[in-house]
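Below: the structure, in structure tokens.
Position 1 is the first residue of the sequence; numbering continues from there.
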Amino acid sequence: MRHFFQFCLIALFLWGVVSWVKGPSIRTAPGVLVPEEPVQGPCEPQVVAQVKDYTITAVATYLIRARVLHTKHYWVNGNDLVPYDVALGWGQMSDQSVLDHLEISQSNRFYFYQWQNVPPIPAREIGCHSSNNHLIAANSAVAHVISGLYPGEIVTMQGFLVNVTKPDGFHWDTSLSRTDTGNGACEVMYVTGVKAERPAVGL
């Protein structure tokens with residue numbers, strides 16, 4: 001018990017150090033940072049990986065460049081396959097002047113946004129230019145980059161949109177639309193390549 005308590009203290013200390021080093025979210029000058037839409041392509045359903053008891057089946061190719069809006073590290077609910085969810089924004093949802101009027105969070109594998117009084121852009125535009133992504137790393141190098149993503153960075157990811165199943169009945173089905181919202185609207189992505197960029201900091 002004593003060793004466990006010491007371990008918890010060390011973990012809390014390291015978490016505090018990481019938070020202090022990273023500081024607040026990266027702020028940029030007003031303006032759209034990522035004008036392009038994600039690119040989804042056709043793909044014959046094919047098993048791309050077997051991880052533990054999970055079968056990962058690709059149903060579309062996918063390439064996305066977007067601003068990181070929020071990240072969430074999960075310790076339960078599929079964390080052995082997808083430890084990180086990342087909320088991403090493009091178009092107007094990569095504009096600092098829009099994001100300044102939104103409060104963004106993640107919980108229970110969902111991505112949430114809210115505003116005071118009126119939204120900075122139409123609510124449908126928010127939903128159509130942002131997404132919550134369950135990210136499955138194809139290898140350790142990809143996993144390392146995903147674990148270090150930080151709000152405000154620009155990330156480019158390529159790979160597949162996938163459905164995930166287990167013999168016990170567990171399943172995660174990816175969204176195949178950028179315009180849906182609510183339950184089932186998250187993208188489940190098998191990431192084969194990833195690059196993170198730090199944009200110029202604004203005032």
Side-chain angles (χ1 to χ4, degrees), residues 33-49 51 54-74 76-94 99 102 104-113 123-139 142-166 170-197:
L33 295 183
V34 183
E36 61 265 36
E37 297 279 330
V39 179
Q40 178 179 311
C43 171
E44 287 294 327
Q46 56 183 294
V47 175
V48 290
V51 181
Y54 297 99
T55 298
I56 302 167
T57 302
V59 292
T61 61
Y62 198 54
L63 171 66
I64 182 170
R65 184 171 184 267
R67 179 173 182 152
V68 178
L69 304 180
H70 200 275
T71 67
K72 178 73 172 178
H73 188 185
Y74 288 95
V76 294
N77 189 18
N79 71 299
D80 55 339
L81 180 68
V82 183
Y84 290 92
D85 277 7
V86 179
L88 298 173
W90 57 92
Q92 295 180 86
M93 284 297 288
S94 67
L99 299 177
L102 294 173
I104 293 172
S105 62
Q106 289 169 291
S107 180
N108 296 322
R109 296 292 183 179
F110 288 95
Y111 147 60
F112 303 94
Y113 45 84
R124 177 166 175 77
E125 292 300 308
I126 296 175
C128 291
H129 290 88
S130 62
S131 64
N132 189 54
N133 300 264
H134 307 319
L135 300 181
I136 305 169
N139 55 58
V142 169
H144 177 72
V145 176
I146 290 173
S147 68
L149 290 176
Y150 196 68
E153 289 183 326
I154 304 300
V155 63
T156 303
M157 295 186 293
Q158 63 184 29
F160 301 93
L161 294 177
V162 298
N163 295 333
V164 180
T165 58
K166 285 178 71 176
F170 172 94
H171 68 91
W172 254 341
D173 292 336
T174 186
S175 167
L176 293 173
S177 169
R178 310 292 85 76
T179 60
D180 54 356
T181 58
N183 191 24
C186 297
E187 279 68 33
V188 185
M189 185 177 182
Y190 184 70
V191 185
T192 59
V194 60
K195 178 183 178 182
E197 311 165 50

Please tell me if the side chains of [X] and [Y] come closer than 4.5 Å, counting only heavy atoms from C-beta onward.
{"X": "Thr57", "Y": "Thr165", "answer": "no"}
{"X": "Leu81", "Y": "His134", "answer": "no"}
{"X": "Val162", "Y": "Trp172", "answer": "no"}
{"X": "Arg178", "Y": "Cys128", "answer": "no"}

Compare every heavy atom of [Y] with every heavy atom of [X], then report the nearest pair and how far apart it is.
{"X": "Val191", "Y": "Leu135", "answer": "CG2-CD2, 4.0 Å"}
{"X": "Ala60", "Y": "Gln40", "answer": "CB-CG, 3.9 Å"}
{"X": "Glu153", "Y": "Ala196", "answer": "OE1-CB, 4.2 Å"}
{"X": "Tyr111", "Y": "Ala87", "answer": "CD1-CB, 3.7 Å"}
{"X": "Ala49", "Y": "Tyr190", "answer": "CB-OH, 3.7 Å"}
{"X": "Leu161", "Y": "Ser175", "answer": "CD1-O, 3.7 Å"}

Output yes when a side-chain donor or acceptor of [X] lies under 3.5 Å from a complementary backbone atom of [Y], and no otherwise.
{"X": "Gln106", "Y": "Lys72", "answer": "yes"}
{"X": "Thr192", "Y": "Gln158", "answer": "yes"}
{"X": "Asn133", "Y": "Ser131", "answer": "yes"}
{"X": "Tyr74", "Y": "Arg109", "answer": "yes"}
{"X": "Asn163", "Y": "Thr174", "answer": "yes"}

For Lys166, does the NZ atom have more than 12 heavy-atom neighbours from other residues, nucleotides or ligands under 6.0 Å away?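 Buried by this count: over 12 neighbours within 6.0 Å.
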Assess whether atom CG of Asn108 is packed by more than 12 heavy atoms of other residues, nucleotides or ligands within 6.0 Å.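 Not buried by this count: 12 neighbours or fewer within 6.0 Å.
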Between [atom1] of [X] and [atom2] of [Y], what distance do you get to the nearest 0.5 Å?
{"X": "Tyr62", "Y": "Leu176", "atom1": "OH", "atom2": "CG", "value": "10.0 Å"}
{"X": "Ile136", "Y": "Phe160", "atom1": "CD1", "atom2": "CZ", "value": "12.5 Å"}
{"X": "Arg67", "Y": "Leu88", "atom1": "CZ", "atom2": "CG", "value": "11.5 Å"}
{"X": "Thr181", "Y": "Asn132", "atom1": "OG1", "atom2": "CG", "value": "12.5 Å"}
{"X": "His129", "Y": "Arg124", "atom1": "NE2", "atom2": "CZ", "value": "10.0 Å"}
{"X": "Leu63", "Y": "Met189", "atom1": "CG", "atom2": "CE", "value": "7.0 Å"}

Can you confirm whether the side chains of Trp90 and Glu36 place a donor and an acceptor under 3.5 Å from each other?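 Judged by distance alone, the side chains do not pair up.
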Under a 3.5 Å threshold, yes or no: a donor from one side chain and an acceptor from the other, between Ser130 and Tyr113?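 Result is no, nothing qualifies.
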Which of parallel (below 30°), tilted (30 to 60°) and perpendicular (above 60°) describes Phe170 and Tyr54?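 Answer is perpendicular, since the angle exceeds 60°.
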Intermediate values then yes/no, side chain to side chain contact (heavy atoms under 4.5 Å, CB included), Tyr84 and Leu149: CA-CA 10 Å; Tyr84 290 92; Leu149 290 176; over 6 Å; no
Please test Val86 against Met157 for side chain to side chain contact (heavy atoms under 4.5 Å, CB included), starting from the C-alpha separation and ending with a verdict. CA-CA 12 Å; Val86 179; Met157 295 186 293; 5.9 Å; no
side-chain contact (heavy atoms from CB on, under 4.5 Å) with Ala123: which residues, sequence neighbours excluded?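 Partners of Ala123 under the side-chain contact (heavy atoms from CB on, under 4.5 Å) test: Trp115.
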Any chance you could lay out the side chain to side chain contact (heavy atoms under 4.5 Å, CB included) test for Ile154 and Arg65, step after step, and finish with the verdict? CA-CA 7 Å; Ile154 304 300; Arg65 184 171 184 267; 3.7 Å; yes
